Amino acid sequence: MYRYLEQRLAQRLLEFLRGRYPEATLPAVVIEQPPKVALGDFAIPVFPFAKPLRSAPLKIAESIGAEIGSIEGIAEFKVAPPGYLNVRIDRAWLAQALARDSVPSETVAAGKILVEHTSINPNKAAHIGHLRNAVLGDTFVRLLRYAGCEVDVQNYIDNTGVQVADVVVGFTHLAKKSRTEIEALTREPRFDYYCWDLYARVSQWYEQDKQNLKARSETLHAIEEGNNETAAVAEMIASAVLRQHLETMDRLDIEYDFLPRESEILHLHFWDAAFAKLKDAGVLIYENEGKNKGCWVMRRAGTGVTLAEPKRKMRQGAQDYDSEIDDILTEIGTQAGVDLGAREISEEDQKVIVRSNGTVGYVGKDIAYHMWKFGLLGRDFGYRKFYRYPNQHECWISSVDGEKDHPHFGDVAEIYNVIDARQSEAQSTVIEALRGMGHNEAADHYTHFSYEMVALTPRCAAELGYTLSEEDKARSYVEVSGRKGFGVKADDLLDQLIVSAKGEVDSRHPELADEERQSIARQIAVGALRYFMLKYTKQSVIAFDFKEALSFEGETGPYAQYAVVRANGIFNKAGMDADDFAGKVASKISAEDFSQFLNGEAADEIWELWLASSKTSYVVNQCITTTEPAYLAKHAFQLAQLFNAFYHRYPILSEANEKRKQFLLATVAVVRRELIRTLAVMGITVPPVM
RNA sequence: GGGCGCGUAGCUCAAACGGAUAGAGCACGGGAUUUCUAAUCCCGGGGUUGCAGGUUCGAUUCCUGCCGCGCCUACCA
């Protein structure tokens with residue numbers, strides 16, 4: 001509702017200004033939120049209008065407030081020095097709309113959206129870095145779905161890379177296991193943990209003697225080749241580890257629709273199709289000399305002069321974009337002696353796509369894969385059922401020979417790739433390749449959802465028994481490394497959270513059956529973990545520390561869950577059903593009652609709760625446009641915090657004035673509803689008791 | 001060397017688009033309801049937003065330079 005009102009206000013303001021000052025070129029109207037509710041609910045800084053209108057900010061604010069006329073849902077305009085026009089929402093109007101839970105119709109962009117996340121190499125157990133990726137990705141999927149978008153979720157599996165080869169080498173050369181022995185191991189519950197250790201051992205083994213690396217290249221070659229014993233073993237291992245990753249993520253309620261694998265990109269010759277198109281478009285250049293002699297190379301993203309990017313940014317950002325900029329940029333290019341059609345790329349700006357031996361690197365495969373995503377490749381995967389979730393949801397996997405009946409993946413309008421910041425150059429290269437082939441539309445709808453890594457604090461590393469170099473000890477964090485077996489495994493962390501939560505539940509609710517306490521503990525653990533991964537903004541490196549991650553107090557998931565449990569407690573005590581009450585709120589409280597109980601300074605505190613409750617869709621929208629789910633966590637925390645203060649200050653069931661009691665119950669019901677929704681988008685459910 | 005990012009309270013982090021007195025949590029000190037209540041609430045100390053300039057009515061936010069830190073920069077994936 002808040003978003004709806006903001007849009008309406010912005011529109012009316014624009015109409016008014018255009019009508020009132022037809023000659024003046026006016027800056028864009030910005031609508032902000034005042035620092036305090038007492039000031040108002042929206043704030044419009046009018047400073048930018050002072051110069052074009054040749055008038056003092058306060059005067060302008062005054063005239064707008066006086067002349068704009070009435071707007072439904074807006075109560076009044078108030079001028080505030082040094083130059084703000086503050087807007088008060090009609091509190092009763094908004095409360096009624098919220099009580100009815102009326103959702104203004106929204107237009108959703110047409111076309112399917114593809115979100116790719118998780119993408120763990122299937123050669124070891126998932127660790128906390130992977131958890132951040134999966135939680136961010138899954139939450140973004142939920143955000144898009146909440147906004148009404150149609151979304152496919154993909155988890156890309158690199159099952160033919162060196163990482164898988166390494167663990168195969170571990171089984172064959174170090175553990176010396178036969179195929180049947182390995183097969184038996186894959187059925188063990190923590191096969192991925194076994195691989196975790198083996199992978200670390202293999203890395204050490206390579207370091208002991210560089211000759212050992214021969215085993216790696218032979219194995220890798222055999223895997224890529226396919227149709228042999230080594231490839232079959234690799235496939236068996238990768239599939240088993242993948243299955244365990246899916247189980248791990250399912251513990252956090254994270255599901256996928258499709259698992260495209262590199263092996264099919266290879267065996268279905270996606271690259272051949274892409275290669276031909278890239279050569280035709282002149283994106284790839286054959287290098288005749290230098291260190292990259294005999295390779296097909298591409299210009300590294302971000303090097304050289306390109307006009308497309310700055311122009312696009314200007315178009316999006318500036319309303320007064322002037323086509324003259326076009327000419328200016330071309331002029332600059334000419335003066336600098338840059339011929340945009342030039343084929344020469346300096347050696348350091350070259351990115352090798354096809355090696356001199358004719359094999360393609362991973363960026364090349366990624367380009368082909370992304371052409372497939374946008375339906376630009378002219379080829380498709382085969383599809384096979386791979387994993388059925390307990391809720392019967394089917395997850396498909398790529399296959400050379402697919403099943404006859406299958407859903408259609410790919411060919412989407414927009415994609416989001418949740419991949420950590422270290423890969424931003426590779427991502428940009430793929431985007432530039434699309435642009436180079438003339439697929440600007442696709443490139444514009446390609447978003448690298450970039451985030452920073454999860455690292456360990458030196459203290460945490462010490463707790464886990466790792467010995468650090470003096471240099472590392474001095475750092476504020478140390479990068480995790482699957483190769484070294486250095487990190488916190490996802491399942492271990494979740495197990496630890498569950499144990500910790502279970503202890504709390506046991507002491508608080510000894511009357512419950514153990515099974516029930518276990519289930520509550522799981523919900524709390526998932527809430528804590530998912531919240532923890534979401535509360536940091538994407539570009540912040542999470543320096544992981546057990547103390548922070550295991551906390552259930554303050555700005556945490558359990559804090560927010562607890563607020564809902566408290567709200568439920570009120571209704572339970574009153575012998576009412578919370579959802580049922582929420583559905584009838586609108587008919588129970590008249591506009592006069594709302595008006596009476598929400599207006600006046602004393603009501604500001606409760607109004608703040610209603611106002612915050614109205615912001616869910618506003619926040620969801622903000623999260624999507626900025627690809628930043630952290631705002632959602634902030635919203636949940638704010639709702640919970642306001643509610644807890646309210647809960648403490650206002651006794652509800654003992655309220656003598658019956659109308660006021662109904663109003664207070666309505667407040668609880670609406671906040672509860674919005675908090676449950678917000679948590680659901682974060683993938684967090686609420687236990688019956690805590 | 002080049003590219004990207006970061007630097008805010010003792011610690012971990014907020015402050016989208018430049019806006020009103022830079023906010024939370026943790027930690028620390030003090031306090032709270034016979035109630036729907038303690039995974040909670042209230043109060044308190046804590047800050048020259050790395051440094052120096054610039055643009056602006058206004059800068060944590062934009063620009064330039066410097067200092068410090070991280071990541072990327074393979075014919076690995």
Side-chain angles (χ1 to χ4, degrees), chain A residues 28 30-32 34-36 39 43 45 47-48 50-51 57 80-84 86 121 158 160-165 216 220 262 291-297 300-303 317 348-349 351-357 359 361-363 365-366 420-426 428 450 452-453 455 457 475-477 479 501 504-505 508 524 528 535-537 539-543 545 547-548 551-556 558-559 561-563 565-574 622-623 625-626 628 630-631 634 637-638 641 644-654 664-665 668 690:
Chain A
V30 178
I31 298 183
E32 294 172 352
K36 279 181 184 153
L39 292 167
F47 309 100
K51 209 175 259 180
Y84 293 95
N86 288 330
N121 288 323
D158 180 7
T160 56
V162 283
Q163 290 88 349
V164 172
R216 169 196 268 181
L220 183 59
E262 183 157 283
K291 70 174 178 130
N292 295 330
K293 185 176 177 183
C295 298
W296 287 89
V297 302
R300 196 180 289 286
T303 66
E348 60 180 16
D349 289 346
K351 173 79 193 163
V352 172
I353 304 297
V354 181
R355 303 175 194 115
S356 55
N357 66 6
T359 59
Y362 89 106
V363 177
K365 284 178 253 184
D366 221 22
D420 78 62
R422 285 170 289 196
Q423 298 217 43
S424 60
E425 191 181 283
S428 305
S450 169
E452 270 295 347
M453 62 185 171
T457 59
R475 295 176 200 272
S476 52
Y477 55 81
E479 196 173 348
E504 297 287 335
V505 179
R508 284 158 212 251
I524 292 169
K535 75 180 198 181
Y536 299 91
T537 51
Q539 76 273 16
S540 156
V541 175
I542 297 181
D545 194 317
K547 192 169 148 279
E548 292 266 337
S551 170
F552 296 152
E553 284 163 24
E555 196 180 344
T556 66
Y559 176 89
Q561 289 170 314
Y562 186 61
V565 168
R566 286 179 137 183
N568 289 337
I570 296 171
F571 287 102
N572 290 342
K573 190 84 173 189
Q622 186 189 8
C623 289
T625 55
T626 58
E628 178 52 271
Y631 297 119
K634 275 274 155 348
F637 181 62
Q638 203 206 350
Q641 201 175 35
N644 275 330
F646 164 83
Y647 183 79
H648 181 260
R649 187 157 318 182
Y650 300 92
I652 294 166
L653 297 181
S654 58
L664 292 174
L665 279 169
V668 177
M690 277 178 78

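Remember, predicted model here, so these are calculated numbers, not experimental data. Basis for what follows: all heavy atoms, side chains included, without hydrogens, waters or symmetry-related copies. A, B, ... follow the sequence lines: proteins, then strands. Residue 1 opens every chain.
- Residue contacts for A:Glu262: at a heavy-atom cut-off of 4.0 Å it reaches the sugar-phosphate backbone alone, with no base atom in range.
- At a threshold of 4.0 angstrom between heavy atoms, the contacts of A:Phe47 include nucleobase atoms, whether or not backbone atoms are also involved.
- The side chain of A:Lys547 lies closest to B:rC26 when the candidates are B:rC26, B:rA39, B:rA20.
- A salt bridge links A:Glu262 with A:Lys365: at least one charged nitrogen is closer than 4.0 Å to a carboxylate oxygen.
- A gap of 26 Å separates the C1' atoms of B:rG68 and B:rG23, to the nearest Å.
- Residue A:Leu39 contributes atom CG, which lies 11 Å from atom P of B:rU21 at whole-angstrom precision.
- Using a 4.0 Å heavy-atom distance criterion, A:Tyr559 is classed as a sugar-phosphate-only contact.
- If you measure from atom CD1 of A:Ile542 to atom P of B:rG5, you get 20 Å, rounded to the nearest angstrom.
- Atoms NZ (A:Lys51) and C1' (B:rU55) sit 11 Å apart, rounded to a whole Å.
- Among B:rA39, B:rA20, B:rC36, the nucleotide with an atom closest to any side-chain atom of A:Glu553 is B:rA39.
- Look at A:Arg508 and you'll find a side-chain N or O under 4.0 angstrom from OP1 or OP2 of B:rA39.
- Residue contacts shown for A:Ala43 include a base, since a base heavy atom lies under 4.0 Å away.
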Per-nt protein contacts along nucleotides 68-75 of chain B (heavy atom under 4.0 Å; B base, S backbone sugar-phosphate only, - none) come out as --SSSSSB
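- Paired regions of RNA chain B, where each region holds three or more successive Watson-Crick or G-U pairs whose two hydrogen-bonding distances fall under 3.5 Å, are B:1-7 with B:67-73, B:10-13 with B:23-26, B:28-32 with B:40-44, B:50-54 with B:62-66.
- With the nearest nucleotide of RNA chain B identified for both A:Tyr536 and A:Ser654, A:Tyr536 has the one nearer the 5' end.
- Between A:Glu628 and A:Phe552, the residue anchored closer to the 5' end of RNA chain B is A:Glu628, taking for each the nucleotide with the nearest heavy atom.
- We find that A:Asp545 and A:Lys547 are not joined by a salt bridge, their nearest charged nitrogen and carboxylate oxygen being 4.0 Å or further apart.
- The same atom, C1', is picked in B:rA9 and in B:rC71; the two are 27 Å apart, to the nearest Å.
- A donor-acceptor pair is defined here as one N or O able to donate and one able to accept, closer than 3.5 Å; no such pair exists between the side chain of A:Ser551 and the backbone of A:Glu548.
- Checked by atom type, the side-chain pair A:Tyr559/A:Asn644 shows a donor-acceptor distance below 3.5 Å.
- At B:rC17, none of the side-chain N or O atoms of A:Tyr631 fall inside 4.0 Å of OP1 or OP2 (strictly under the cut-off).
- Look at A:Tyr650 and you won't find any side-chain N or O under 4.0 angstrom from OP1 or OP2 of B:rU35.
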